[in-house]
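For reference, the structure discussed in these notes is given below.
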Amino acid sequence: QVQLAESGGGLVQAGGSLILSCTASGRTFSTLSVAWFRQAPGNKRDFVTSITWSSGSTYYADSVKGRFTISRNNAKNTVYLQMNNLKPEDTAVYYCGTTSSSRYRTNPEDFNSWGQGTQVTVSS
């Protein structure tokens, strides 16, 4: 079991920036990729971005390309999400998840560990 903890959420005006962190502990040795998802009230959990643990290859949803950057520090077991030029539609609870099944997954059901989420609110 991998334990994940997100932090860094908050309230920001449109056009502002936030950095989210996801720190992993426990049985992390089998993790192939780490991803960020977000979920607004009443909506499904949507893929945002992912990074492979070994190579650092990244993938982004079209809605955040050019604005968000995912990175990792393997020594610290931490993944970061740099969010720039935030928009009101980015408002959601942001979750990090890990998958051990394969490296490139965008469906929440493929992720076997989740953090508790951190709220990001972007005001217009």
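Quick note: numbers below take in every heavy atom, side chains included, and nothing from hydrogens, waters or symmetry partners.
Residues passing the side chain to side chain donor-acceptor pair (under 3.5 Å) test with Y95: none are found, sequence neighbours excluded. Not a single side chain to side chain donor-acceptor pair (under 3.5 Å) links R27 to another residue, sequence neighbours left out. W114 meets the ring-ring contact (aromatic ring centres under 6.0 Å, His included) test with F37, F111; sequence neighbours excluded. Partners of E109 under the side chain to side chain contact (heavy atoms under 4.5 Å, CB included) rule, at least two apart in sequence or in another chain, are N107. Residues passing the side chain to side chain contact (heavy atoms under 4.5 Å, CB included) test with S124 are P88, sequence neighbours excluded.
With salt bridges taken as basic N to acidic carboxylate O contacts below 4.0 Å, none links K87 and D90.
The nearest pair of heavy atoms linking W53 to T78 is CH2-N, 4.0 Å. Taking every heavy atom of both residues into account, S113 and L4 meet most closely at O-CD1, 3.6 Å.
In this model, a donor atom of one side chain and an acceptor atom of the other lie less than 3.5 Å apart for N84 and S17. Judged by distance alone, the side chains of T28 and T31 never bring a donor and an acceptor atom under 3.5 Å apart.
Pairs of residues two or more places apart, or lying in two chains, that qualify as disulfide (SG to SG under 2.5 Å) and include a residue from residues 40-106 are C22-C96.
Distance check: T121 OG1 to Q119 CD gives 4.0 Å after rounding to the nearest 0.5 Å.
Screening T98, V34, N77, N112 for a side chain to side chain contact (heavy atoms under 4.5 Å, CB included) with V2, the sole residue that qualifies is T98.
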